[in-house]
> 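If you scroll down you'll find the structure; I have some questions about it.
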Amino acid sequence: MTNKEIKIAYQECNSLDQLDSQDRKLADAAIAAIATSYAPYSNFNVGAAVQLEDGEIIQGSNQENAAYPSGICAERTALFYAGASRPDKSVVKIAIAAGQNGVLCESPVTPCGACRQVMAQYQLKGGQPIEILLIGTAKIWKFAKVEDLLPFTFDSI
Ligand code: THU
């Protein structure tokens, strides 16, 4: 066996003010979407904002259900709505933010495995990399493509 290694490159900054105007707009849209979260069970409110190739921004938030698996994360709400309402537009960027009791989380919120897989699918569909912005008050992380969050992505069928 040969030893192999994967390196993941990402960018970090520590304030929204350090983002360029396009990223800032998307980050603000993700933060604003937190207000539409329906999370009576976890009280963890997540907002996501998806940017399409023509610049349009589509927002989503987590929507919980008494039957837990029936709920859905903010990222998938936004991506599925983008896919359903703008089927011919590629997704080029997604920003994610979260808060608890009205306070934005300090650490960037990192998407669950199912949301990473869904991001990978929309990246495949759109034929161009989806940039990912993970927003926290202390740190903001930016990834250039979905594989940076989901190496060895399943896309073989
Ligand atoms: N959640 C998201 O919406 N996105 C994430 O990236 C992580 C988790 C939601 C799912 C659930 O409603 C709540 O946060 C707690 O897990």
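The figures that follow rest on heavy atoms only: side chains count, while hydrogens, waters and symmetry mates do not. Whatever order the structure lists ligands and atoms in, that order sets their numbers, starting from 1.
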> With atoms numbered from 1 as shown, which atoms in ligand 1 lie under 4.0 angstrom from a non-hydrogen atom of Glu75?
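Atoms satisfying the 4.0 Å criterion: 2 (C), 3 (O), 4 (N), 5 (C), 6 (O).
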> For ligand 1, which atoms have a heavy atom of Pro111 less than 4.0 angstrom away?
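Here the atoms of ligand 1 in question are 6 (O).
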> Taking atom NZ of Lys139 as the centre, does the number of heavy atoms from other residues, nucleotides or ligands within less than 6.0 Å exceed 12?
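Atom NZ in Lys139 is not crowded, with 12 or fewer foreign heavy atoms closer than 6.0 Å.
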> Nearest heavy atom to atom 2 (C) of ligand 1 wins, so pick from Ser42, Ala97, Cys73, Ala39.
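Considering heavy atoms of Ser42, Ala97, Cys73, Ala39, the nearest to atom 2 (C) of ligand 1 sits in Cys73.
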> State, yes or no, whether a side-chain contact exists between Met119 and Glu75 at a heavy-atom distance under 4.5 Å.
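When only atoms from C-beta onward are counted, Glu75 and Met119 do touch, with a gap below 4.5 Å.
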> Taking the side chain as everything from C-beta on, heavy atoms only, tell me whether Asn62 gets closer than 4.5 Å to Ile72.
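They are not in side-chain contact.
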> Checking the N or O distance criterion of under 3.5 Å, is ligand 1 in contact with Val46?
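No; every N/O pair is 3.5 Å or more apart.
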> By number and element, which atoms of ligand 1 are closer than 4.0 Å to a non-hydrogen atom of Phe44?
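Listed by number with element, the hits are 14 (O).
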> Between Leu150 and Val92, is there shared hydrophobic-cluster membership here, with clusters defined by ILVMFWY side-chain heavy atoms closer than 4.5 Å?
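No; Val92 is not reachable from Leu150 via cluster members.
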> Which one holds for Ile96 and ligand 1: side chain close, backbone close, both close, or neither close, with close meaning a heavy atom under 4.0 Å?
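No part of Ile96 is near ligand 1 at this cut-off.
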> Using a cut-off of 6.0 Å, state whether more than 12 heavy atoms not belonging to Gln121 lie near its atom CD.
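Not more than 12 within 6.0 Å, no.
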> Is there a protein heavy atom less than 4.0 Å away from atom 16 (O) of ligand 1?
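So atom 16 (O) of ligand 1 lacks protein heavy-atom neighbours under 4.0 Å.
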> Pull out every atom of ligand 1 sitting under 4.0 Å from any heavy atom of Glu64, numbered as shown with elements.
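Numbered from 1, ligand 1 contributes 11 (C), 12 (O), 13 (C).
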> Using heavy atoms and a 4.0 Å limit, tell me yes or no: is Thr77 in contact with ligand 1?
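It does not, in that no heavy atom of Thr77 comes within the 4.0 Å cut-off of ligand 1.
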> Taking the side chain as everything from C-beta on, heavy atoms only, tell me whether Ile140 gets closer than 4.5 Å to Cys13.
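When only atoms from C-beta onward are counted, Cys13 and Ile140 do touch, with a gap below 4.5 Å.
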